[in-house]
Amino acid sequence: PGTTLAGLSKELGGLPFTAHHRWYSQETPYKDRFRFIVENGWAMSTDPAYWDFIMSYAKESNIAVYEQDWMISHSNHFHAFKTELGFGETWLREMATAAARHGLTIQYCMATPAMWMTGIKFGNVTNVRNSNDYHPDWPHVYDMTFFTQSAMLARALNLWPFKDVFFTTKR
């Protein structure tokens, strides 16, 4: 208890982490420090300094891979993705630029193929989660078909496909 990620990494012999990041609630205290847009209970930074802050923290914590999750949900939720030309590319570029500055790679999760295509502009976007979320009651046959077919596009873009967790049984 009370151990920092950097301290935990040290206790584990210096093993690096992959960190998962999704979306913010409108209550996030980060919106008091950085420029954010808030829509229907969600908040999203539009401030390059925010990305530098996040990636600096990740580097200090021995996080090697930053995973941005819920990407399609961001693009569906925030109107700026649909109404401001270049908004999505700016979001991806600012994320990748800050991560590169701190020596981190990025994994996209729940991203659209258009996001994958934009991601190839950034050498530190290396992985894409190209599978559905795991749910024990969903048949694996659907999940695996989607994963293997989309993996072909990922590899053609020189991105490594990543499979969400799954169990062979419900327990």
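Because the structure is predicted, anything quoted here is derived from the model rather than measured.
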Are [X] and [Y] grouped together when hydrophobic residues (ILVMFWY) are joined by side-chain heavy atoms under 4.5 angstrom apart?
| X | Y | result |
| --- | --- | --- |
| W160 | F146 | no |
| Y57 | F17 | yes |
| W51 | F78 | yes |
| M95 | M117 | yes |
| V125 | L157 | yes |

Requested in this report: Any chance you could lay out the side chain to side chain contact (heavy atoms under 4.5 Å, CB included) test for V38 and K31, step after step, and finish with the verdict?
Outcome: CA-CA 9 Å; V38 177; K31 73 179 196 263; 4.2 Å; yes
Minimum side-chain heavy-atom gap [X]-[Y] below 4.5 Å:
| X | Y | value |
| --- | --- | --- |
| L92 | M115 | yes |
| I106 | F122 | no |
| D52 | H102 | yes |
| N62 | L5 | no |
| F36 | T46 | no |
| N40 | H77 | yes |
| E94 | Y50 | no |
| M110 | S73 | yes |

Report summary line: Exactly one of W91, Y24, F81, F87 clears ring-ring contact (aromatic ring centres under 6.0 Å, His included) with H74, and that residue is W91
Which heavy atom of [X] sits nearest a heavy atom of [Y], and at what distance?
| X | Y | value |
| --- | --- | --- |
| I63 | L104 | O-CD2, 2.5 Å |
| S61 | S9 | O-CB, 4.5 Å |
| S75 | K82 | O-NZ, 2.7 Å |
| Q26 | A43 | CA-CB, 4.1 Å |
| W116 | S150 | CZ3-O, 3.6 Å |
| P113 | L153 | CB-CD2, 4.3 Å |

Query raised in the report: What is the ring orientation for W42 with W23, classed by angle as parallel under 30°, tilted 30 to 60°, or perpendicular over 60°?
Result: parallel
Supply the atom-to-atom distance [X] [atom1] to [Y] [atom2], rounded to the nearest 0.5 angstrom.
| X | Y | atom1 | atom2 | answer |
| --- | --- | --- | --- | --- |
| R33 | S45 | CZ | OG | 11.0 Å |
| K10 | L8 | NZ | CG | 12.5 Å |
| T105 | Y66 | OG1 | OH | 12.5 Å |
| F162 | N127 | CZ | CG | 8.0 Å |
| I120 | T126 | CD1 | OG1 | 14.0 Å |
| Q107 | N124 | CD | CG | 13.0 Å |

Query - Ionic contact status for R129 with E67, cut-off 4.0 Å - result: no
Query raised in the report: Does F34 have its ring centroid less than 6.0 Å away from the ring centroid of F53?
Result: yes
Query - Side-chain donor or acceptor of R93 paired with backbone N/O of T97 under 3.5 Å - result: no
Query raised in the report: Between the side chains of E39 and H79, does any donor sit under 3.5 Å from an acceptor?
Result: yes
Requested in this report: Examine the side chains of S56 and E60 and answer whether a donor and an acceptor come within less than 3.5 Å of each other.
Outcome: yes
